[in-house]
Amino acid sequence: MDGIALLTITVLAVFVGFEVVSKVSSTLHTPLMSGANAIHGIILVGAIIVAGQAADPWVLSVALLAVVLATANLVGGFVVTDRMLHMFHGKKDALRAGAQPKAGSK
């Protein structure tokens, strides 16, 4: 494939991905993020393998960029998932953590 075809596929994938992700409700976000983290883990392993076997400097630089971006996406996904899960903790979890209840609350 030539460069224009690859660029066109990438741009279309970005638009389709944005449309699909923007339509997801917040209650489905955490399970979908877990799946996305698994996929990005596989992408990270693949990028590391490609970087380890790259003979051309251009391929090595693109593979290293893929490693950096996949790592950032993987770590960011875990951070967002952790923050989303903390939103669902109830009052009992807050009391167990040492927070003092307000006057008049149960």
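Here the structure is a predicted model, which means the values were calculated and not measured.
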Quiz item: Any idea which heavy atoms bring L64 and A51 closest together, and the distance?
Solution: CD2-CB, 4.1 Å
Practice problem: Step through the shown structure and confirm whether more than 12 heavy atoms of other residues, nucleotides or ligands are within 6.0 Å of CG on L12. | Solution: yes
Quiz item: Between V14 and L69, is there a shared hydrophobic cluster once you connect ILVMFWY residues whose side-chain heavy atoms come closer than 4.5 Å?
Solution: no
Quiz item: Rounded to the nearest 0.5 Å, how far does CG of N73 lie from CZ of F78?
Solution: 11.0 Å
Exercise. Quickly, which of I43, V62, L44, V50 forms a side-chain contact (heavy atoms from CB on, under 4.5 Å) with V67? Name it, please.
Key: L44
Quiz item: Yes or no on side-chain contact (heavy atoms from CB on, under 4.5 Å) for I49 and V45, after CA distance, side-chain angles and deciding distance?
Solution: CA-CA 6 Å; I49 291 171; V45 169; 4.0 Å; yes
Quiz prompt | Spacing of OG1 belonging to T71 relative to CD1 belonging to I48, to within rounding of 0.5 Å | solution = 6.5 Å
Quiz prompt | A66 versus A47, closest heavy-atom pair with distance | solution = CB-CB, 3.9 Å
Exercise. Just grab all the side-chain hydrogen bond (donor to acceptor under 3.5 Å, both in side chains) pairs involving residues 41-52, residues at least two apart or on different chains.
Key: none
